Asks: 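After the structure tokens below, expect a handful of questions from me.
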2 protein chains.
Amino acid sequence: MTVTQDVDLELAGELRVVLGRLVRRLRAEHSFPLTHGSVLGRLDRAGSTSIGDLATAERVRPQSMTQTIADLEAAGLVARRADPADGRRTLIELTEAGQRKLFEDRARREGWLAQAIAEDLSESERRLLARALPLLERLSESA
Amino acid sequence: MTVTQDVDLELAGELRVVLGRLVRRLRAEHSFPLTHGSVLGRLDRAGSTSIGDLATAERVRPQSMTQTIADLEAAGLVARRADPADGRRTLIELTEAGQRKLFEDRARREGWLAQAIAEDLSESERRLLARALPLLERLSESA
DNA sequence: TATTGTTATACTCTATAACTATA
DNA sequence: TATAGTTATAGAGTATAACAATA
């Protein structure tokens, strides 16, 4: 139990509390689930992917991802395609509407988070946040 | 629509995605709701507080906070006390068990977040995260 | 027999609406 | 009439369990 560890506990506690508030706030402002936007962005970057892979990447169960994809498909934002190599797998890809949505969403995010970043943070603070983001990313993927 | 704003949109998008994954991860590892721990911590710092004030601070509806407090009370972690000055208000305070729980929780958080911080981040990265936390805090409280 | 995905169902957390009691 | 809190109910998001189809 080193001094460093105490600091880590403190950090972890504060981070947890802040995350809760930020996410509730985001959910309230943002109409659609965090996962939906996240999946669209991932498909845009990674191209067509299987449901199972998406589930693993987003850290949800395959069944939940099935539901998410069903929602996105109903909205016409993604399309399914049978994997020619493996009849069990279904490849998911972004439709044109999905790409448009992704683009529009970038504007909609101006909603408050981008605006809060622009208004409440100084230039140097924004740089600091940008540098801290990859750390959060790594924490979220930590084994 | 300045260059800075484009950067903000980018930041906002990435932050949103990362938050989603982190919170799902936290929920999976951590047994109880983020709000519960957050409320206990707040009571510990601020002393007895009304349900409405807690709701405002945590950015949930008073009805939701009523439920949260009912849960915490059922678990013996908080107690109610009538406000001597205003018969409508109920003051909530931490019980001894609540303080113990809060203390234990600090150890439990070693679960993975603190551990991830300790193992996956370097000393300088931890310092960076610590500096970025107040920024996230401010964003979560942005009007 | 193992893996991919689906359907059915339940749980958790928060929201809205309607109500009671005090100011 | 306005405010603090409660009860009842619904909704969103994700989980577990059981199943079908393919490997």
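A note on names: the letters A, B, ... follow the listed sequences, proteins ahead of strands, and every chain is numbered from 1. What you see is a predicted model; the values in this text were computed from it and never measured.
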Asks: Can you tell me which nucleotide in C:dA15, D:dT6, C:dT4 comes closest to the side chain of B:R80?
Replies: D:dT6
Asks: For nucleotides 18-23 of chain C, give me every protein contact, N/O to N/O, under 3.5 Å, one pair per line with atom names.
Replies:
residue: C:dA23; atom: OP1; partner: B:G87; partner atom: N; Å: 3.0

Asks: Is the phosphate of D:dG13 approached by A:T35 (side-chain N or O, under 4.0 Å from OP1 or OP2)?
Replies: no
Asks: Is the phosphate of D:dT6 approached by B:T66 (side-chain N or O, under 4.0 Å from OP1 or OP2)?
Replies: yes
Asks: Could you tell me how far apart B:R27 (CZ) and C:dC11 (P) are, to the nearest whole angstrom?
Replies: 17 Å
Asks: Considering every strand and a 4.0 Å limit on heavy-atom distances, what is the contact class for A:T90: base, sugar-phosphate, or nothing?
Replies: sugar-phosphate
Asks: In whole angstroms, how far is the P atom of C:dT7 from the CG atom of A:D71?
Replies: 12 Å
Asks: If Ile, Leu, Val, Met, Phe, Trp and Tyr residues are connected whenever their side-chain heavy atoms lie under 4.5 Å apart, and connections chain through other members, are B:I51 and B:L91 in the same group?
Replies: no
Asks: Expressed in angstrom and rounded to an integer, what is the separation of B:Q67 atom CD from C:dC11 atom C1'?
Replies: 13 Å
Asks: Are A:M65 and A:F32 joined in one hydrophobic group, where the rule is that I, L, V, M, F, W and Y side chains link up if heavy atoms are under 4.5 Å apart?
Replies: no
Asks: For B:E137, is there any backbone N or O sitting under 3.5 Å from a side-chain donor or acceptor partner on A:R21?
Replies: no
Asks: To the nearest angstrom, how far is A:L26 atom CG from C:dT14 atom P?
Replies: 15 Å
Asks: Report the nucleotide, chosen from D:dT14, D:dA4, C:dG5, that has the shortest atom-to-atom distance to any side-chain atom of B:R89.
Replies: D:dA4
Asks: With a cut-off of less than 4.0 Å, is there a side-chain N or O of B:S64 near OP1 or OP2 of C:dC13?
Replies: no
Asks: Let me know the distance between CG of B:D53 and C1' of D:dG5, rounded to the nearest Å.
Replies: 13 Å
Asks: Using atom CG of A:L54 as one end and atom C1' of C:dG5 as the other, report the distance to the nearest whole Å.
Replies: 13 Å
Asks: Mark yes when over 12 heavy atoms from residues, nucleotides or ligands other than B:R80 sit less than 6.0 Å from its CZ; otherwise mark no.
Replies: yes
Asks: Let me know the distance between CG of B:L34 and P of C:dT12, rounded to the nearest Å.
Replies: 15 Å
Asks: Checking side-chain polar atoms at under 3.5 Å, does B:E58 have a donor or acceptor matched by the opposite partner on B:S38?
Replies: yes
Asks: Indicate yes or no for a side-chain donor-acceptor contact from A:R25 to the backbone of B:E141 under 3.5 Å, with no hydrogens or angles considered.
Replies: no
Asks: May I have the distance from B:R59 (atom CZ) to C:dA15 (atom C1'), rounded to whole angstrom?
Replies: 16 Å
Asks: From B:R100 CZ over to B:T95 OG1, what is the distance, rounded to the nearest 0.5 angstrom?
Replies: 7.5 Å
